[in-house]
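Taking it in order: structure first as structure tokens, then the write-up.
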Amino acid sequence: MIWIIIYRQWLERIPHTQANTDSVIIVLHKKFLLGIIGLVTLSKAYNAGSHEDRIYKEWEASGLFTPKRSKNKKPFTIMMPPPNATGTLHLGHAVMLALQDVMTRYHRMKGDATLWLPGTDHASIATQNKVERILAEKGESRHSLGRPAFLKEVHKFVKESQKTIKNQVRKMGSSCDWTRERYTLDPELSTAVREAFVRMYEDGLIYRGNRIVNWCPRCSSTLADDEVVYKEERGNFYYLKYGPFTIGTSRPETKFLDKIIVVHPDDKRYKKYHGKTITVPWIHGDVEATILADKAADPEFGTGAMTITPAHDFIDFEIAQRHKLEVVQIIDEAGNLTEHAGEFAGMNARDARGKIITKLARKGLVEKIDEEYVHNLSICYRCDTPIEPLVSRQWFIDVDKKFGAEKKSLKKRAIEVVRTKKIQIVPERFDKTYFHWMENLHDWCISRQIWFGHEIPVWYCTSPKKAACEKPIVSRTTPKSCPHCDGKLKQDPDTLDTWFSSGTWTFTTLGWPKRSADLDYFHPTSVLETGYDILFFWVARMILMTSYLLDEIPFKTVYLHGLVRTREGKKMSKSHPETCIDPLDMITTYGADSLRLSMIVGSTPGNDLRLYEEKIAGFRNFVNKVWNASRFALMQVEEAGVSLKKRPPAKAKTLADQWILTRTQELIDEATRDIESYSFSEAGTKIYDFTWNEYCAWYLEISKGPEQNIGVLLYVLETLLKLLHPFIPYVTEVIWKELGHTNFLMAASWPKVEAKHRFKKEARQVQEVIEVISAVRSLRQENNIPPSQKITLHLSGKGKSPLLEAMREPIVRMARLSELTISTKAPELAPVLKSYSNGIEITVPLKGMVDLEAEITRIEKELSELKDYLNRLGQKLSSKEFTGRAPAHIVEAERGRQAEAQEKYSKLEEQLASLKKA
RNA sequence: GGGCGCUUAGCUCAGUUGGUUAGAGCGACUCGUUUACACCGAGUAGGCCGGGGGUUCGAAUCCCUCAGCGCCCACCA
């Protein structure tokens with residue numbers, strides 16, 4: 001019953017239904033039935049949710065994500081920055097996956113042996129912290145469980161997280177090779193990491209030393225320099241009397257044993273004290289203090305004199321090293337004061353500060369307290385706990401030690417590969433940041449007092465009997481007993497910095513240290529795509545590690561994307577969930593394709609990108625547009641009775657065909673070049689514009705006329721699907737199947753420009769006609785002529801008649817005309833509406849339906865704008881400097897513009913005069 | 001303190017080596033059911049391209065300078 005009503009309504013909408021011969025009815029029945037079939041198979045709006053998971057499964061099952069190594073193909077490799085195996089996918093991941101998938105799919109279609117290797121990172125501190133927090137909720141801690149049981153908990157947690165993350169990576173449509181998936185703690189990678197450590201130790205690049213390190217009392221671990229972040233803090237600054245000196249400090253609790261006063265060698269005030277020893281009253285009684293001259297003291301700061309605490313300050317530690325001074329620990333690993341603090345021993349150092357000051361004040365040693373002192377407090381980037389610098393025995397990588405045939409340090413090599421452009425950073429300006437960081441790099445502390453991670457392959461003899469037993473045993477395999485005395489061994493309890501293992505990610509994932517076929521073929525990798533925030537953490541470390549272990553670069557190009565921000569420009573942070581957009585929610589609502597496009601179009605490398613729901617919705621609309629354009633094309637195919645299996649060739653029959661074919665070639669050319677130069681946003685925008693405006697708004701509309709060309713229609717559509725596929729893989733793949741293909745679009749080859757489809761002159765001509773139709777539409781709207789009212793139109797222009805005649809049908813239809821006359825000269829009619837475009841005069845006879853006043857105002861405005869333009873052009877062209885110095889083609893082009901504007905101006909003037917008469 | 005970036009339409013942003021009267025999406029306004037799409041179509045308004053100076057025949061684009069915003073690094077004993 002419903003169908004009959006729909007059928008009736010539909011029948012009424014068809015023009016000429018009054019022709020009720022049987023044959024017409026039969027044709028109409030057929031059309032209606034085809035329509036229903038169309039509705040059943042292809043819904044009116046694209047529903048991403050009902051296709052994406054199925055398509056992904058098909059891709060994955062097809063094996064197309066796995067590249068085949070071949071001598072005839074170029075390898076293209078991207079190693080996915082492994083997401084931490086701790087949480088869920090966030091927008092940062094989504095950006096990276098979108099960009100990497102664009103590159104991967106593009107290169108795969110281009111015919112390269114394309115490998116995108118996925119994986120997860122164990123992220124030692126981050127993961128351990130997370131599990132500790134979960135345990136704390138149950139009243140447990142890692143210490144209450146003990147190391148083996150705790151690690152078991154962590155591994156259980158990681159397994160679950162990995163499952164989640166991996167499914168979310170799939171949701172984004174990532175075409176990565178799951179058969180090669182890796183985890184930084186895989187047994188193979190652990191072996192590789194061990195190998196790396198041993199080699200570097202044997203070559204003297206890794207050493208163990210007592211050095212001052214950043215210590216997080218909460219994590220009970222060291223932190224690398226760049227794992228420390230700073231927070232501005234307002235606190236007290238104390239001026240303390242120290243014999244004849246006044247010294248300033250913000251941390252009196254470290255000063256118990258201070259007995260070295262440092263002054264600048266050139267500071268005249270203190271010259272007389274250099275090298276002298278004096279007795280000064282101090283916290284626990286008198287102290288013998290020595291005055292030392294060192295440039296580290298700034299005469300301008302405070303009183304110009306300072307005491308030093310080598311064990312708890314980086315600068316002080318360096319001074320102590322220079323002058324071979326004693327280093328005594330005042331604060332322990334828990335952040336508490338040691339026995340040197342006397343009655344304060346055992347107290348938390350920071351908590352004791354007030355009490356210590358009280359004692360000093362009682363002794364009359366506090367000169368004054370500045371309460372408005374603002375300084376940067378260093379805190380742990382993982383848990384925000386204030387850092388205690390302290391001296392401890394750790395493992396380091398020596399970045400200055402020269403090695404290899406070239407006798408160059410790690411630092412030097414890492415700088416060179418970027419300076420000589422062996423590694424290209426996109427955008428280039430990050431070179432500078434990189435150099436600055438690298439040049440100031442200190443030895444890298446790689447040991448962490450964390451349980452979860454790669455264990456350090458070092459053992460110590462527990463009961464040393466000979467001198468040789470004191471030496472640590474560094475070994476690829478686990479030794480059974482001390483090689484010197486046969487005594488029992490204990491493994492170093494520490495683990496390696498997470499970045500030590502991820503620094504080897506590009507090659508350990510390919511089988512290193514084995515010389516695997518994969519390693520030979522896919523390394524160095526092509527592109528490393530990641531956020532600029534981990535340029536130092538990770539990118540720099542990879543360059544260091546690879547240059548030593550492989551004597552190679554890890555990748556040829558580094559593409560850095562920005563941070564995802566809210567519409568207001570704020571960081572999306574987990575602590576403010578209301579500012580966060582969950583990528584999975586967006587995928588559910590708008591589809592992965594829309595989310596991907598919203599992160600690629602309008603974003604440029606190295607710059608942050610603001611994301612908000614309306615933006616994603618906008619791209620969902622585009623995805624739907626592509627869907628409907630395809631539906632329309634399919635309807636045309638069916639109506640034309642063409643079989644998809646035996647489709648006609650893309651051969652131009654009309655000017656419009658020639659135009660769209662030419663424009664398609666131009667698009668292929670430009671989009672390809674944009675992708676090659678990492679301008680993904682540009683490429684995406686161009687394809688988007690072409691699809692929506694040129695293909696849908698003009699070519700498809702023209703195709704609704706009698707002169708359809710199914711061959712061209714399909715060729716352009718399929719070319720667009722290919723160009724769009726790296727950006728919006730799902731919808732394009734679904735449509736590809738609907739177009740009767742049995743293979744996958746993801747395996748189709750990237751379009752190439754074909755000379756036979758280029759018709760430059762004709763393309764330009766059609767462009768003129770398009771502009772004429774637009775001009776007519778403008779005239780109509782401005783004069784409130786409704787679309788339902790068809791109008792009479794005259795078009796005239798020298799030499800334009802053949803073109804206009806050739807396109808008469810689309811002009812009549814798309815400008816909604818009742819009659820069109822074409823001539824070389826405009827008819828003498830008044831009053832009329834007029835417009836000009838590309839030397840074509842557009843005349844609409846008035847039939848008393850136009851607001852003359854409004855039209856006069858409009859023309860006057862246009863004339864005045866035109867006059868300004870002509871003045872500027874005139875000035876330019878009359879200037880000898882311009883005509884003499886500018887390239888000839890530029891001058892020519894300007895002359896052409898002048899002539900055209902001049903003609904338009906005089907025609908409009910005539911028109912104005914005639915309107916005023918009427 | 002050192003370095004980097006941003007400032008373009010009401011909002012979010014493009015603008016590749018200097019060369020049409022500076023573009024897009026969203027939003028606003030006016031029209032509108034025509035063989036796909038209202039997640040649509042047609043049209044309109046809206047910009048001293050942060051300020052000033054310079055180089056050049058020509059600057060949103062290159063140089064200098066100032067201002068506002070943001071980021072990174074170093075760090076004040």
Side-chain angles (χ1 to χ4, degrees), chain A residues 13-15 31 35 38 42 44-46 226 230 237 247-251 262 296-298 301-302 305-309 313-316 373-376 378 429-430 432-433 436-437 440 532-533 535-536 563 567 569 590 601-604 606-612 614-615 617-636 639 673-674 677 679 681-682 685 688-689 696-697 700-701 703-704 774 777-778 780-782 784-788 813-814 816 865-866 868-869 872-873 876 879-887 889-891 893-894 896-897 901:
Chain A
R13 279 175 53 198
I14 298 294
K31 264 192 159 182
L42 292 182
K44 211 166 157 182
Y46 175 65
D226 44 35
Y230 296 91
F237 191 74
I247 56 159
T249 183
S250 58
R251 301 204 61 194
V262 180
D298 176 4
F301 188 88
M306 63 178 178
T307 62
I308 58 166
T309 312
D313 184 282
F314 282 83
I315 306 274
D316 294 2
Y373 182 65
V374 177
H375 70 132
N376 283 326
S378 40
R429 68 184 136 91
F430 279 94
K432 243 183 169 165
T433 324
H436 182 257
W437 187 82
N440 292 295
Y532 65 75
D533 52 329
L535 179 63
F536 307 137
L563 265 49
R567 188 181 191 127
Y590 302 104
V601 171
S603 88
T604 38
N607 290 334
D608 293 349
L609 111 109
R610 299 188 192 197
L611 195 74
Y612 40 89
E614 300 95 291
K615 199 159 164 180
F619 287 105
R620 185 269 321 265
N621 295 352
F622 173 71
V623 168
N624 190 51
K625 189 78 184 174
V626 174
W627 173 255
N628 273 296
S630 310
R631 252 180 12 122
F632 176 73
L634 273 170
M635 279 173 54
Q636 298 276 67
E639 272 180 32
R673 272 190 288 154
D674 285 337
S677 59
S679 307
S681 173
E682 274 293 299
T685 309
Y688 176 106
D689 283 346
C696 291
L700 289 189
E701 287 306 320
S703 291
K704 288 178 182 173
S774 291
R777 285 172 173 175
S778 263
R780 295 182 69 115
Q781 295 262 359
E782 275 159 9
N784 296 319
I785 304 168
S788 51
R813 188 157 40 85
M814 296 174 76
R816 303 193 60 75
E865 276 167 15
L866 212 48
D868 289 346
Y869 179 48
R872 262 174 290 148
L873 272 178
K876 202 172 190 179
S879 148
K880 285 234 165 64
E881 279 162 330
F882 174 71
T883 48
R885 295 193 201 208
H889 72 276
I890 298 284
V891 179
E894 295 287 335
R897 274 172 216 131

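In what follows, every chain begins at residue 1, and chains take the letters A, B, ... in the order their sequences are listed.
The nucleotide whose nearest atom lies closest to any side-chain atom of A/Tyr230 is, among B/A14, B/A74, B/A36, B/A74. Of the candidates B/A36, B/A42, B/G43, B/A36 carries the atom nearest the A/Arg631 side chain, counting heavy atoms from C-beta on. Of the candidates B/C75, B/C72, B/U12, B/U12 carries the atom nearest the A/Arg610 side chain, counting heavy atoms from C-beta on.
Atoms CG (A/Leu563) and C1' (B/G70) sit 12 Å apart, rounded to a whole Å. At whole-Å resolution of the value, CD in A/Glu881 and P in B/G58 are 7 Å apart. Look at CD on A/Glu701: it is 8 Å from C1' on B/U34, rounded to the nearest Å. One can place OH of A/Tyr532 at 11 Å from P of B/C73, the figure rounded to the nearest angstrom. Nucleotide B/C39 holds its P atom 11 Å from the CG atom of A/Asn628, rounded to whole Å. The distance between atom CG of A/Asn440 and atom P of B/A74, rounded to the nearest whole Å, is 8 Å. Between A/Arg777 atom CZ and B/U34 atom P there is a gap of 15 Å when expressed in whole angstrom units. In this entry the distance linking CG of A/Leu634 with C1' of B/U35 reads 14 Å, nearest Å.
Within the structure, a side-chain polar atom (N or O) of A/Thr604 is placed less than 4.0 Å from OP1 or OP2 of B/A14.
Side-chain N or O atoms of A/Asn624 include none that pairs as donor or acceptor with a backbone N or O of A/Arg620 at under 3.5 Å. A/Arg897 places no side-chain N or O within 3.5 Å of a backbone atom of A/Leu873 that could act as its donor or acceptor partner. A/Asn628 contributes a side-chain N or O that, together with a main-chain N or O of A/Lys44, makes up a donor-acceptor pair within less than 3.5 Å.
A residue-by-residue look at A/Val262 and A/Ala629 shows that A/Ala629 has its nearest nucleotide of RNA chain B further toward the 5' end. Residues A/Arg620 and A/Ala296 each lie close to RNA chain B; by heavy-atom proximity, the contact nearer the 5' end of the strand is made by A/Arg620.
Annotation for A/Ala901 and A/Leu866: closest pair O-CD2, 4.0 Å, computed over non-hydrogen atoms. Taking all atoms of both residues into account, the shortest heavy-atom contact from A/Met814 to A/Ala697 is CE-O, 4.1 Å. A/Arg610 and A/Arg567 make their closest contact through NH1-O, 3.2 Å (heavy atoms, listed as atom of the first residue, atom of the second, distance).
Side-chain atoms of A/Asn624 stay outside donor-acceptor range of the base of B/C37, with no qualifying N/O pair under 3.5 Å. Residue side chain A/Lys44 does not reach the base of B/A36 through any donor-acceptor N/O pair under 3.5 Å, judged by distance alone.
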Atom pairs under 3.5 Å: protein N/O with N/O of nucleotides 44-49 of chain B:
unit_1: B/U44; atom_1: OP1; unit_2: A/Ser778; atom_2: OG; d: 3.1

Report, as a single string ordered 5' to 3', how protein heavy atoms within less than 4.0 Å touch nucleotides 18-31 of chain B: B base, S sugar-phosphate only, - not at all. -BBB---S----B-

Nucleic acid footprint by protein, nucleotides 2-7 of chain B - heavy-atom cut-off 4.0 Å, B for base, S for sugar-phosphate alone: -SSS--

Between A/Tyr532 and A/Leu563, does a side chain to side chain contact (heavy atoms under 4.5 Å, CB included) hold up when you go through it step by step? CA-CA 8 Å; A/Tyr532 65 75; A/Leu563 265 49; 3.9 Å; yes

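For A/Asp313, the side chain to side chain contact (heavy atoms under 4.5 Å, CB included) criterion is met by A/Ile315, A/Asp316, not counting sequence neighbours. Shown here are the side chain to side chain contact (heavy atoms under 4.5 Å, CB included) partners of A/Tyr688, two or more places apart in sequence or in another chain: A/Phe619, A/Phe622, A/Trp692.
Base pairing in RNA chain B yields stems of at least 3 consecutive Watson-Crick or G-U pairs, both distances under 3.5 Å, namely B:1-7 with B:67-73, B:10-13 with B:23-26, B:28-32 with B:40-44, B:50-54 with B:62-66.
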